[in-house]
*Asks:* 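Just dropping this structure here.
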Amino acid sequence: MKMDRRAWVLGGGALAVGGLTLNTPVARDLVCSGQTREYQQVGLARLGRACVACNPDFSEPLVAAEWAQIQAVGQAALNARIADDFAQGAIISVDGWQLARSEALVYAAAHYNQPTDTDA
């Protein structure tokens, strides 16, 4: 299986947001440990904040509901949903990045679930 940058970021993002959502030590330790985990969580949250800023429709309740659906279907279904988003033109431009709407939702979920989303 070929892993491109998008698959790595989405897989890591989904895992990180899932760990944040579960908020259990075991889930957090599966994502990564120590300083790396903190940098990853803050980075995902910052990207999520940019996604929310570029798409005012990404309210916290909407993102929470759609994130719950994404978590329920798994990575393969998320990949298919992203491909469908691109095929249907459901693309969001975020700071020069062209993201599928579903990708942006994953990042927005990281933003809303980040307990300490700071610029520090």
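Keep in mind that what you see is a predicted model, and the values were worked out from it rather than measured.
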*Asks:* Measure the shortest side-chain to side-chain distance between Leu99 and Tyr107 over non-hydrogen atoms and say whether it is less than 4.5 angstrom.
*Replies:* yes

*Asks:* If you look only at pairs with a residue in residues 84-95, which of them pass as a side-chain hydrogen bond (donor to acceptor under 3.5 Å, both in side chains), with sequence neighbours excluded?
*Replies:* Asp85-Ser102, Ser93-Gln98

*Asks:* Can you tell me which residue pairs pass the salt bridge (Lys or Arg N to Asp or Glu O under 4.0 Å) test with a partner in residues 58-83, sequence neighbours excluded?
*Replies:* Glu66-Arg81, Glu66-Arg101

*Asks:* First locate atom CZ of Phe58, then atom OH of Tyr112, and finally report the distance between them rounded to the nearest 0.5 Å.
*Replies:* 9.0 Å

*Asks:* Is there a donor-acceptor contact under 3.5 Å from the side chain of Gln71 to the main chain of Ala68?
*Replies:* no

*Asks:* What distance separates Leu78 CG from Gln69 CD, expressed to the nearest 0.5 Å?
*Replies:* 12.0 Å

*Asks:* Are Leu105 and Val73 connected in the hydrophobic side-chain network, where two residues link if heavy atoms are under 4.5 Å apart?
*Replies:* no

*Asks:* Please round to the nearest 0.5 Å and tell me the distance separating atom CG of Asn55 and atom CD1 of Ile92.
*Replies:* 4.5 Å

*Asks:* To the closest 0.5 Å, what do you measure between CD1 (Ile91) and CZ (Phe86)?
*Replies:* 5.5 Å

